[in-house]
Amino acid sequence: MTAAANTALLKPSQLNTPVAVELIGLNKWYGEFHVLRDIDLKVMGGERIVICGPSGSGKSTMIRCINRLEEHQQGKIVVDGMELSNDLKKIDEVRREVGMVFQHFNLFPHLSVLENCTLAPIWVRNTPKKDAEEIAMHYLKRVKIPEQAAKYPGQLSGGQQQRVAIARALCMNPKIMLFDEPTSALDPEMVKEVLDTMVGLAEDGMTMLVVTHEMGFARQVADRIVFMDSGQIIEANVPEEFFNHPQHERTKLFLSQILR
Amino acid sequence: MTMSEGDLAVAEIKFVRGATIAPRPAPAAMTGAFGWLRANLLSTPFNIVLTVLIALLLAWVIPELLKFLFIDAVWTGSDRDACREVVQHREIGACWPFVWERWSYFVYGSYPIPQRWRVDVFFVMLAIGVVWMLWLESPRRDLGSVYFFVVLPISSFILLTGWSAAGLSPVDTSLWGGILVTIVVASVGIVCSLPIGILLALGRRSRMPAVRLFSVIFIEFVRGVPLVTVLFMASVMLPLFVPEQYSPDKLVRALVGIALFASAYMAEVVRAGLQAIPKGQFEGAMAVGLGYWQMMRLIILPQALKITIPNIVNTYIGLFKDTTLVFIVGIFDFLQTVEVSRIDPKWATPVTSTTGYAVAAIFYWIFCYAMSRYARATEARLAKADRR
């Protein structure tokens with residue numbers, strides 16, 4: 001393994017600023033529908049945030065704004081010191097630093113697992129193919145499926161596909177990882193292998209924003225839990241307090257529904 | 001001992017499998033030639049009726065066809081007398097000597113006879129290019145594409161139109177004809193329509209209003225006008241606006257007209273493919289940091305074109321047959337050379353026209369069927385890749 005590839009692998013890359021993501025007065029509309037309302041959220045480097053809430057509450061939309069898969073209409077989004085605007089160059093720059101894992105994996109079905117992982121490093125970071133493959137194999141080992149490298153996504157189980165998706169995002173050596181309901185589309189038997197991978201990632205100090213309904217994961221990993229409903233942040237607290245002493249009525253109702 | 005109702009219920013509710021069941025081969029009626037016949041030709045009463053009807057139709061058509069093309073056909077002769085019933089006193093099928101004599105005209109049109117080797121070289125070069133591109137195991141396919149898209153068009157242009165400095169005397173395109181013209185028009189149309197069509201399809205889905213508007217207007221205008229009109233406009237109306245000395249060659253005008261016409265149709269085919277790609281593929285590509293063109297080239301188009309292969313080839317086949325329309329602007333494509341030859345008094349017999357059209361039908365069928373087969377093979381190959 002080359003020295004350059006080696007140093008890039010060991011740890012999540014460092015942020016340029018202590019604040020990883022900052023949302024200030026964020027508002028977004030889908031046509032007439034006010035989907036995000038005055039969102040203020042500051043995420044520090046290395047912090048793990050779990051975002052939960054009922055469906056349609058805007059939690060996915062919020063994290064999709066962070067890498068500009070959704071456009072916002074009002075407010076400021078600052079990612080690692082870069083403010084997101086209509087500037088396409090800025091958007092590309094932010095996307096290079098922010099990895100994302102989707103509910104439905106969104107792997108590229110016409111490329112092998114290895115090619116899925118090396119594509120972005122080769123074309124976006126101009127990494128030589130050989131180095132990109134070494135990095136990809138490193139992360140595939142880390143998500144425990146190096147033996148599947150030559151297969152195609154359609155040949156893998158849901159849990160394996162989602163782990164490949166995590167490896168694909170990690171290959172870009174991102175500073176921040178976004179997870180959009182990563183286990184919601186999985187068979188119950190597959191959920192654990194994906195969550196274990198994410199726990200491992202958290203232990204390495206990655207900055208993570210995770211939209212999930214897995215409350216066990218939230219308790220174990222999160223530094224802070226953000227509860228959203230109808231496009232606004234209702235309550236945010238450390239897991240202990242959030243689960244044991246919820247303040248807002250909506251939060252209490254939500255928790256009583258899901259923790260039975 | 002008889003079981004009471006209570007025992008029966010218990011027996012049905014409680015079940016634990018002892019040994020697992022090993023797979024057994026399918027019943028003989030499902031496999032082998034007989035199984036195939038039953039499943040495909042004789043599965044339902046309606047299917048049986050269809051099978052019988054089609055068998056009858058084939059039994060009626062095929063002997064007639066063989067009789068005309070081979071058994072009653074005339075194979076040698078030097079003029080119409082060889083193919084006339086009143087002279088030969090027998091039933092006459094196809095008049096092949098007419099085709100032998102006219103074949104070079106069918107192939108080259110009025111291309112000067114001493115220069116025809118240049119057309120032959122062009123055919124060979126084109127064949128090499130096509131095989132190099134389409135045969136997947138051929139060596140250095142990267143070089144092949146350079147050859148096909150750069151070397152071949154330039155050298156063919158020089159070879160066919162002539163270049164005095166290289167000792168190739170100029171040949172006016174009005175002398176070109178026959179299969180040469182058909183192949184040139186079809187190749188240019190096929191090679192140009194896909195990239196232009198892709199750009200138009202992307203333009204139509206673009207977020208930039210000007211680009212989108214241009215694409216929509218172009219596509220809808222071209223699709224709303226018959227090809228014949230496009231060709232007429234290119235060859236009759238253009239000289240009204242552009243002085244004769246500046247207006248491009250007649251064949252070039254027809255080429256551009258056909259290429260743009262096919263592009264508009266191709267654009268809609270490609271757009272259908274783009275629309276079939278799930279949104280998640282775009283998002284996945286954007287999220288890993290790919291730019292617009294990288295995303296399209298590496299992720300979206302490979303998948304979109306794959307699912308549109310049947311439609312792309314369908315457009316190609318239509319385009320290949322549409323090349324026959326260039327005759328209305330006075331260009332002698334293959335069909336037109338047949339058309340001119342069949343009314344030649346030297347070969348005036350009752351079977352001359354039928355023979356000429358049979359040759360044309362065979363020619364077009366071979367090319368279209370070859371395209372269709374290649375597309376089927378490609379589909380099968382990609383479908384196999386999908387099952388991985």
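The figures here come from the full heavy-atom set of this structure, side chains too, leaving out hydrogens, waters and symmetry mates. Residue numbering restarts at 1 for every chain, and letters A, B, ... go by the order of the sequence lines.
For Y265(B) and F261(B), the ring centers are positioned less than 6.0 Å apart.
No more than 12 heavy atoms of other residues, nucleotides or ligands sit less than 6.0 Å from atom CZ of R376(B). In this structure, F221(B) places its CZ atom where only 12 or fewer heavy-atom neighbours from other residues, nucleotides or ligands lie under 6.0 Å away.
Taking V98(A), V94(A), L69(A), V101(A) one by one and counting their heavy-atom pairs under 4.5 Å with chain B, the maximum is reached by L69(A). Comparing L119(A), D92(A), L88(A) by how many heavy-atom pairs each has under 4.5 Å with chain B, the most go to L119(A).
The pair R140(B)-D142(B) meets the salt-bridge criterion, with a side-chain N (NZ, NE, NH1 or NH2) lying under 4.0 Å from an Asp/Glu carboxylate O.
For R68(A), no part lies near chain B; criterion is any non-hydrogen pair under 4.5 Å. Only the side chain of Q294(B) comes within contact range of chain A, with heavy atoms under 4.5 Å apart. Contact annotation for F108(A): both backbone and side-chain heavy atoms come within less than 4.5 Å of a heavy atom of chain B.
Taking the six-membered ring for Trp and thresholds of 30 and 60 degrees, Y147(B) and W132(B) have ring planes inclined between 30 and 60 degrees apart.
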